[in-house]
Colleague: 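Below you will find the structure I want to go over with you.
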Amino acid sequence: MGLPGARKISDLNPGTRLNIKVKPRDLPYDRSGVVQFRNVILMDTSSSVKGEKVITLKLENGYNVMLDEERIRIDGVLDDENIFDSEIRDGGPARTPSSVDSDEELPPITIISTGGTIASRVDYTTGAVHPVKDGSEILSIYPSMANLCRLDVRTVMNELSEDMSPREWVVIARAVKKAFEDGARGVVVTHGTDTMHFTSSALSFLLRDLPGPVVLVGSQRSSDRPSSDAFINLEHAVITASRAVLDRVVIISHEGPSDGTSIIISGTRARKMHTSRRDAIRSIDSPPIGRVVGKRIELDIPPVRLDPARKISIVGRFDRTVDMIFIHPGISQEGLDSMLKGKKGVVIVGSGLGHVGKRLIKVLKKHIDRGMICVISSACIHGRVDLNVYSSGRNLIGAGVIPSGTMTPETALVKLMWAMGTAGSEGKDRIISLFKEDIAGEWGSSTPFSEGL
Amino acid sequence: MKDAKKVSEILDRARSWKDIDLLSLGLKVGLEVHRELAGRKLFCSCPSVLSDEEGFIFRRRMHITRSETGDLDDAALHEVSKGMTITYQAPPTTCLVEMDDEPPYGPSKDALETSLKVAMKFGCDMVDRIQFMRKIVVDGSNPSGFQRTALVGFDGFLFTEGGTRIEIESLCLEEDSGRRIGGKDDRPVFRLDRAGIPELEITTRPLMVPPESVKEAAMNIGDIIRFTGRSRRGLGSVRQDINISIEGGARNEIKLVQDLSMIPVVIRKEAIRQALLVESSKYLSGMNVKENELAPEFHDVSSVFTSTVSKVIGRGMEKGGKVICIRLPGFKGVLGRRMDRPDRIEMDDKTIRPGIDDVRVLGPEIAFRARSASGVKGVFHSDELPSYGISKEEVEEVASRLEMDVSRDAFVMVCAPEKTAYLALEAVMRRVKEAFLGVPSEVRRPLPEGGSEFMRPMPGSARMYPETDIPPLDIPYELLNELSRDLPPTRTELLENVMNRFRIGKETASQIVDLDLVGTLENICNDGSSSSIAVRLLLSVIPEMKKGGYDIDRIPNEILSALVDNVSSGKCPRECMGDVLVRYLERRAGTGDDGEPEYLILERIVNDVSKGMISEKEARDIIRKVITARENLVREKGERAHAPLMGPIMNLLKGKMDGRRISILLREELDKHRTSIE
């Protein structure tokens with residue numbers, strides 16, 4: 001420190017093992033003398049407070065301490081082997097190959113890795129949760145998967161849930177199509193949970209004539225934690241993909257706070273209903289179509305017949321000039337007007353049965369009259385939109401809006417994007433007829449009673 | 001290193017295990033004091049209280065993860081390999097954070113400040129930023145699979161009351177884990193009321209002091225936390241982990257010693273246990289046992305016991321069990337080795353209570369390993385046979401079946417279904433192999449009589465990585481400076497303070513301190529002159545009422561304080577304090593809250609109680625009459641007439657005036673009388 005030629009600790013690479021001496025910090029009492037720490041690991045040199053570098057060191061007892069750089073004197077670098085360079089840091093000494101040779105009798109399953117918590121690990125230097133580098137790393141985290149099926153892991157992107165857009169939906173759809181064409185019995189898509197229900201809706205509209213199940217799965221707790229839900233979620237997703245007699249897009253989620261039972265939710269009926277609970281993704285206005293209990297699948301829908309020879313296809317695309325507006329008492333006419341400017345389509349999340357204040361109906365009508373398509377859903381999330389009960393609803397119908405039944409606002413949005421993208425230049429009537437067509441159970445037949453909301 | 005021969009000499013010289021000078025064995029003790037803090041939990045706003053309710057019940061499984069530096073931890077693996085399903089109870093006092101279904105909130109400011117104050121009291125050096133870590137704990141006690149903990153201060157010290165300097169290695173602020181309610185080992189049940197309660201963990205450097213000083217250190221360290229006024233009381237709120245080693249032995253951690261008075265016994269028994277293991281390994285290394293002799297070879301000796309009178313074996317075989325046996329080469333006398341020396345401690349052999357009056361080593365340890373691996377109860381070794389109804393002939397027959405050298409070898413025998421027996425004996429062999437190496441490093445659970453049993457292998461240090469949900473926290477100088485104005489006292493300091501402020505003796509002060517009544521005393525005692533009344537109230541009146549079943553906690557401090565004032569000013573006789581409080585409680589229970597101010601209620605009761613009282617003037621009249629009647633006595637004894645006069649005066653004034661007041665009045669009247677005569 002200060003001596004010519006003396007090395008500063010921040011000049012060393014993180015991962016270096018060293019002995020150090022530490023001077024006392026500023027304290028409101030007298031303290032003299034230095035404290036020696038042997039065999040510490042330099043973890044991080046990048047943070048600072050008020051211009052002073054703060055060094056993170058791992059002590060021999062496992063604790064990290066963060067000390068001002070000027071307090072630390074290097075008392076010997078132990079060896080040149082950097083602990084972070086060793087191969088164990090990146091997912092285990094022996095890298096598992098991306099496809100595993102296992103029993104030929106087991107069903108072939110493709111895992112399409114897109115990122116998200118389920119495919120993330122802690123970055124120990126920055127302290128943040130980051131996606132894994134490739135799908136093979138998933139296998140090193142979840143080695144038991146190899147006993148359930150013949151696995152083929154394909155990484156198509158590495159995006160957190162919030163970074164997904166319609167472009168990614170299409171990329172995923174193509175990867176699913178390719179996987180089935182390559183002979184997969186079922187496909188698992190690992191995905192962040194935040195926008196998973198948008199993606200599941202999008203895949204439900206795009207993918208037709210599925211020869212087997214497409215199972216989206218994520219986790220709420222990263223897999224570095226002993227308590228992570230990723231293990232059981234992925235296991236249940238793989239079980240569903242390899243054994244369930246289903247030809248649609250579904251999501252696997254914890255049934256409740258306990259590990260052990262998962263629900264299978266239809267792709268167009270799912271919604272993330274909690275910021276952090278394991279059972280955050282629920283089936284809205286429709287019971288789950290099945291459960292996975294331990295290793296057993298229980299389906300609660302009329303049986304279908306799977307045809308491996310069925311030729312999967314992708315139908316349509318997405319128009320991104322659609323927006324969603326959450327109606328609230330503070331919205332002014334001018335505000336709504338400027339939000340709608342230039343939009344070809346909008347999903348209005350109205351109050352209650354789907355209502356919008358009468359001052360705003362005029363604004364909507366103005367834009368509908370210029371050709372904008374306006375779909376109404378409800379901020380209640382649960383329950384059917386009904387515009388016939390109150391006059392403001394009837395006025396909305398008069399203005400030319402389209403109620404979206406029991407669709408969640410998110411499903412309605414994806415559906416409208418899909419209908420507009422797919423209709424292309426065919427015009428408004430075609431868009432409306434595509435929107436009103438029931439493609440993947442999104443319109444629902446009735447709203448059954450369920451305990452709790 | 002002291003060689004095993006020297007250990008043997010020390011053991012041989014001792015009259016009993018209670019006699020041995022542990023420091024001569026090279027005893028080192030590391031102490032970890034844990035104390036919970038009151039208030040809110042460390043990472044959510046739930047209260048730090050235990051609950052009687054089960055609440056919501058859910059189940060989880062734990063999975064292996066890699067720790068920060070990539071090593072899988074032995075201790076973590078040991079737990080996970082058991083394949084547990086864990087049941088949790090979430091009482092209404094808990095929330096999603098304890099359930100690991102919501103990320104932690106920022107750490108409790110109160111707990112953090114308390115930890116800094118305690119660290120400063122020890123004169124610790126401090127980190128500049130606090131980083132919380134995740135310490136992997138996959139025994140299921142925490143739904144997240146880790147315990148959050150942060151190193152706050154390091155390198156401090158304290159002097160115990162006895163003057164021993166104790167070096168503090170570190171002070172950590174951590175969250176407590178769930179409370180084990182029951183369930184089997186692989187299906188434990190935990191209640192989450194305790195999960196997340198903040199606790200301080202203070203770790204000493206290795207202490208080379210007598211066990212009694214370790215106990216004192218534990219008490220004095222715990223006291224400093226207690227004297228912050230922020231520590232939680234009640235069952236399990238204080239506990240010690242004790243790391244013990246001797247030269248040639250190995251660090252063993254005895255977990256969760258709750259009773260301070262047990263600390264010296266725990267240390268002594270562990271040190272002797274290690275000494276015996278060191279001695280045994282030395283002995284075994286001289287037996288020339290070959291590696292291949294230690295491959296477990298199971299012998300079915302059931303046919304030896306077809307007509308046994310041993311109830312344990314008879315019953316086991318009736319249930320379809322077999323008697324399976326292994327030979328332990330060179331182990332004769334080693335399994336039964338124990339430290340008691342009945343001949344030299346002048347005791348009758350029969351009075352030796354196993355595990356209490358003696359220290360046993362490999363015998364109980366192999367039995368425990370067998371039991372925890374397989375659940376079998378009937379494990380016997382040849383050093384303890386014949387016994388348990390197993391005859392000498394049967395023992396000899398087994399030995400001959402095993403073709404063992406009875407002057408050199410031992411055997412271990414299990415009566416159980418075949419598969420279970422194999423599991424048990426394999427676990428026995430694992431422990432037996434360790435015996436050659438000396439002392440294995442283990443985490444051990446204390447037993448009631450001061451011994452301990454195996455819990456799990458000692459964890460390595462690679463079981464921690466950063467808690468990424470909580471950003472590192474700056475600890476600026478200004479904060480430390482502000483907190484340094486309100487540091488907790490040491491026990492010695494507090495005692496002196498209490499003695500001086502309230503003018504009471506050391507013994508009374510100790511009682512006040514030990515019962516956590518310093519704060520109450522401050523609240524109810526307005527000046528030093530009334531402290532004797534307040535102390536009497538706290539140490540005698542209230543405990544007696546508690547014994548009588550009165551709910552003293554319902555009496556607010558302001559009432560106690562007002563009562564002390566009333567007694568102090570003579571409005572209420574000292575003897576009536578209990579009576580006043582009983583009436584107060586009856587009134588509160590009878591009418592509920594009728595809106596009457598507390599001080600008025602008390603005033604009314606005091607008036608009622610002292611109705612029979614007389615005024616000072618009346619009292620002086622009566623006293624003067626008595627003095628006049630005993631004129632001769634007063635003339636003869638002068639001011640020493642006070643004592644003989646008190647009796648007759650008290651007979652007249654009892655219950656009408658406070659006794660001390662009477663005494664003062666008598667002295668004054670005596671003085672007046674004597675002056676008037678002169």
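None of these values were measured; they are calculated from a predicted model.
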Colleague: Does this structure show an ion pair linking Arg129(B) with Asp68(A), if we count only N-O contacts that are shorter than 4.0 Å?
Modeller: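 Not counted as a salt bridge, because no side-chain N and carboxylate O are separated by less than 4.0 Å.
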Colleague: How far apart are the closest heavy atoms of Pro226(A) and Ser144(B), and which atoms are they?
Modeller: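 So the two residues come closest at CD-O, 3.7 Å.
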Colleague: Flag the one option from Val152(B), Thr149(B), Asn142(B) with the top tally of heavy-atom pairs under 4.5 Å to chain A.
Modeller: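 Looking at each of Val152(B), Thr149(B), Asn142(B) in turn, Thr149(B) comes out on top.
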Colleague: Assess whether a salt bridge exists between Arg71(A) and Asp125(B), defined as any Lys/Arg side-chain N lying under 4.0 Å from an Asp/Glu carboxylate O.
Modeller: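 Salt bridge: yes.
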Colleague: At a heavy-atom separation under 4.5 Å, does Thr87(B) approach chain A through its side chain, its backbone, both, or neither?
Modeller: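 Contact with chain A: none, neither part.
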Colleague: Find the one option among Gln220(A), Arg277(A), Arg25(A) whose heavy-atom pairs under 4.5 Å with chain B are most numerous.
Modeller: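 The option with the most such pairs is Arg25(A).
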Colleague: In this structure, are over 12 heavy atoms from other groups packed under 6.0 Å from Arg165(B) atom CZ?
Modeller: yes
Colleague: Checking heavy atoms, do the side chain of Ala150(B), its backbone, both or neither come under 4.5 Å from chain A?
Modeller: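 Contact with chain A is through the backbone of Ala150(B) alone.
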Colleague: Quick one: does Met66(A)'s side chain get under 4.5 Å of Val127(B)'s, heavy atoms only?
Modeller: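 No; the side chains remain at least 4.5 Å from each other.
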Colleague: Is any side-chain heavy atom of Met133(B) less than 4.5 Å from a side-chain heavy atom of Lys58(A)?
Modeller: yes
Colleague: Check Asp100(B) with Arg221(A), please: is the shortest side-chain N to carboxylate O separation under 4.0 Å?
Modeller: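 Result for this pair is yes, salt bridge flagged.
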Colleague: Find out whether Tyr63(A) and Gln131(B) are in side-chain contact, i.e. whether some heavy atom of one side chain is under 4.5 Å from a heavy atom of the other.
Modeller: no
Colleague: Taking side chain as C-beta onward, heavy atoms only, is Ser227(A) less than 4.5 Å from Arg60(B)?
Modeller: no
Colleague: Taking the side chain as every heavy atom from C-beta outward, state whether Ser47(A) and Pro472(B) have any atom pair closer than 4.5 Å.
Modeller: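 No. Closest side-chain heavy atoms not under 4.5 Å.
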Colleague: Restricting to non-hydrogen atoms, name the atom on Asp155(B) and the atom on Val35(A) that form the minimum distance, rounded to 0.1 Å.
Modeller: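 For Asp155(B) versus Val35(A), the nearest heavy atoms are OD2-CG2, 3.3 Å.
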Colleague: With a 4.5 angstrom heavy-atom cut-off, could you sort out which part of Arg278(A) is near chain B: side chain, backbone, both or neither?
Modeller: both
Colleague: Is Pro257(A) close to Phe56(B) at the side-chain level, that is, under 4.5 Å between some pair of heavy atoms?
Modeller: yes
Colleague: Taking the side chain as everything from C-beta on, heavy atoms only, tell me whether Met126(B) gets closer than 4.5 Å to Leu27(A).
Modeller: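 Yes, at least one pair of side-chain atoms sits under 4.5 Å.
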Colleague: For chain A, find which of Asp101(B), Ile475(B), Ile86(B), Ile57(B) contributes the most heavy-atom pairs closer than 4.5 angstrom.
Modeller: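 Highest number of pairs under 4.5 Å: Asp101(B).
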Colleague: Heavy-atom distance under 4.5 Å to chain A: side chain of Leu483(B), backbone, both or neither?
Modeller: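 Contact with chain A is absent: no heavy atom of Leu483(B) under 4.5 Å.
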Colleague: Determine, step by step, whether Asp128(B) and Lys53(A) satisfy the salt bridge (Lys or Arg N to Asp or Glu O under 4.0 Å) criterion, reporting the C-alpha distance in whole Å, the side-chain angles of both residues, the deciding distance to 0.1 Å, and the verdict.
Modeller: CA-CA 11 Å; Asp128(B) 294 282; Lys53(A) 255 196 189 335; over 6 Å; no
Colleague: Is chain A contacted by the side chain of Pro476(B), its backbone, both, or neither, given a heavy-atom distance below 4.5 Å?
Modeller: backbone
Colleague: What is the distance from atom CZ of Phe154(B) to atom CG of Asn61(A), rounded to the nearest 0.5 Å?
Modeller: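 The CZ atom of Phe154(B) sits 11.5 Å away from the CG atom of Asn61(A).
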Colleague: Under a 4.5 Å heavy-atom cut-off, does chain A meet the side chain of Leu96(B), its backbone, both or neither?
Modeller: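 Just the side chain, heavy atoms under 4.5 Å.
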Colleague: Looking at Lys28(B), I'd like to know if its NZ atom is crowded, meaning that more than 12 non-hydrogen atoms belonging to other residues, nucleotides or ligands lie closer than 6.0 Å.
Modeller: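 Open: at most 12 neighbouring heavy atoms sit under 6.0 Å from NZ of Lys28(B).
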Colleague: Output the distance between atom OG1 (Thr85(B)) and atom CG (Asp259(A)), rounded to the nearest 0.5 Å.
Modeller: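 Those atoms lie 9.0 Å apart.
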Colleague: Please report the interatomic distance CG(Asn64(A)) to CE(Met464(B)), rounded to the nearest 0.5 Å.
Modeller: 8.5 Å
Colleague: So for Thr275(A), is it side chain, backbone, both, or neither that comes closer than 4.5 Å to the heavy atoms of chain B?
Modeller: neither
Colleague: Considering residues, nucleotides and ligands other than Arg31(A), do more than 12 of their heavy atoms fall under 6.0 Å from its CZ?
Modeller: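 Atom CZ in Arg31(A) is crowded, with more than 12 foreign heavy atoms closer than 6.0 Å.
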Colleague: Would you check if Arg61(B) and Phe231(A) make a side-chain contact, meaning some heavy-atom pair closer than 4.5 Å?
Modeller: no
